Amino acid sequence: MKAKKGQVRVMTGNAAAAYAAMLCRPDVATSYPITPMSEVAEQLSTFHADGVMDAEMVEVEGENSAMNVVTAASMAGGRAFTATSSWGLVYMYDALLQAAGFRAPVVMAIANRETPGILAVSAGQQDIIATRDSGWIQIIVENDQEILDQIIMAFRLAEDYDIQLPVMVNYDGYYLSYLAEAVEIPRIEDVDQFLAPLKLQPQRPKLQPGEPLGCGTHGIDIGFMELRYKHCQALQRALKKVDQIDAEFKEYFGRGYGGQIDEYRTGDAEIIILTSGGAAGTTRAVVDAKRAEGVKVGLVKLRMFRPFPRERLVKALKGKKAIGVIDRSVAYGWVGGPMYTDLKTLLPEIGLVPMLSYIDGLASMDITVPHIERVVDEVNAAAQGKPYQEVTWIPLE
Amino acid sequence: MVIKHKFIFETENAWSDANKSMLCLDTGGWRTERPVLDQAKCNYCGLCCLYCPPQCMLDKGDHFESNLAYCKGCGICAHECPRGALTMVPEGEFSNEG
């Protein structure tokens with residue numbers, strides 16, 4: 001069975017996120033506006049005012065309240081959606097950890113932006129890194145259509161009985177949040193159909209009047225360890241689940257994204273460039289150009305950052321001669337970028353090949369075609385056995 | 001890795017309810033002194049019960065008595081009692097287990 005073709009409209013990434021949430025019929029959709037995601041809140045309010053979306057929208061006084069509201073709604077058995085960015089994300093940090101610990105299947109869209117410290121109203125993935133160890137599932141997307149599709153898939157993933165975890169859907173703030181592209185909006189009845197399997201599963205416990213329950217209150221010694229263990233196991237289960245849901249989405253709607261990672265011309269590639277988000281699109285163009293010059297280069301787009309797709313990455317990278325990683329964030333206290341340092345833990349399984357870290361695109365600086373061409377050239381030289389520099393902050397050289 | 005631990009929680013998350021998987025700490029074991037009532041002074045006003053942090057005061061009809069399985073011996077009941085009917089007595093003076 002296949003979905004009918006939906007209407008195609010030109011919209012921003014923020015609008016795509018709001019459309020996706022609306023199509024999933026949330027019970028509660030609340031967020032506190034912050035640049036560059038404010039339009040998500042505006043668009044959701046418009047849907048609500050127009051009677052298109054029958055969700056409770058709580059007027060919150062900040063992001064911390066927003067996360068508490070959606071967590072509570074989730075514990076009461078509701079479908080909950082919120083969105084934020086940077087300062088907002090870190091302002092809800094305790095509530096963020098609580099949502100994960102409560103195993104509340106909240107879905108949150110994040111327009112990635114630099115984090116506090118240096119006042120930066122600009123793009124960067126540092127907010128993903130700042131919340132890396134929050135116990136959430138973190139998925140990073142590349143374009144507006146992928147934002148919309150991934151949010152629908154995120155509800156399937158979060159609310160799956162085997163998973164029961166909150167999911168962040170990340171997209172580049174400023175770049176994707178404000179970029180208007182043609183986006184196919186699936187018909188709501190088809191989205192209903194896609195989410196329907198959740199109703200056939202056993203149902204998670206929920207708070208309801210007359211049946212008092214407590215959650216997260218009794219983390220004592222071995223009970224605590226048990227719950228932490230279950231949480232970590234659920235994250236591991238999410239890896240295969242995201243691939244399954246992606247395949248099912250492709251079958252039904254005709255669009256697939258590869259699940260945990262997206263591989264582009266990696267099959268016969270000798271060297272690999274790994275990156276994420278919008279930079280993957282530019283890298284794809286560079287891969288084509290360099291292939292025309294005879295360089296056997298491929299792209300791995302990291303779609304899932306937590307849980308880290310160990311098996312898929314090892315499979316994609318094993319036997320390659322050199323790997324370059326472009327990070328749009330820094331790993332404080334390490335020499336390379338965060339995705340680079342994570343990937344390095346896989347070297348014993350991949351093989352001890354040169355791995356080069358590139359830090360680029362902080363604070364809305366562009367990760368340009370010449371930048372990526374340079375990365376390909378240097379990684380290629382390293383693959384030929386030439387000496388290389390481990391870490392490069394591209395715009396600073 | 002083989003997990004030998006038998007799961008306490010039936011659910012994925014930390015749901016608990018009083019009938020199934022409520023985990024109770026043996027807070028009584030923390031106690032170094034316990035409240036002892038002079039019933040002649042008690043007028044059953046209920047302030048001790050109201051102020052008790054773990055809410056372990058049991059209503060006995062004409063006075064309140066702390067549930068020694070949970071009473072941590074904090075002494076707040078004795079401090080609040082307007083008639084001085086409660087005295088904190090060191091545990092060493094009792095032979096029975098709380």
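Lettering of chains follows the sequences in order, A, B, ..., and the numbering in each one begins at 1. The structure presented is a predicted model; accordingly, all values stated were derived computationally and were not measured.
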How long is the straight-line distance from CD of A:E226 back to NE2 of B:H5, given to the nearest 0.5 Å? 3.5 Å
Check whether B:F9 forms a cation-pi arrangement with A:K230 (NZ or CZ under 6.0 Å from the six-membered ring centre, at most 45° off the ring normal). no
Within a radius of less than 6.0 Å around CZ of A:R237, do more than 12 heavy atoms belonging to other residues, nucleotides or ligands occur? yes
Pairwise distance CG(B:N13) to CZ(A:R204) - rounded to 0.5 angstrom: 9.0 Å
In Å and rounded to the nearest 0.5 Å, what is the CG to CD distance from A:L165 to B:E12? 8.0 Å
Report, as yes or no, whether the 6.0 Å neighbourhood of atom CG on B:N67 holds more than 12 heavy atoms from other residues, nucleotides or ligands. yes
Ring pair (Phe, Tyr, Trp, His ring centres under 6.0 Å) partners for A:F194, two or more places apart: A:F249, A:F253
Take atom OH of A:Y252 as the centre, draw a 6.0 Å sphere, and report whether it contains more than 12 heavy atoms from other residues, nucleotides or ligands. yes
Going by side chain to side chain donor-acceptor pair (under 3.5 Å), name the residues that satisfy it together with B:D59, two or more places apart in sequence or in a different chain. B:Y44
Going from CD1 on B:I3 to CE on A:M225, what distance comes out if it is rounded to the nearest 0.5 angstrom? 8.5 Å
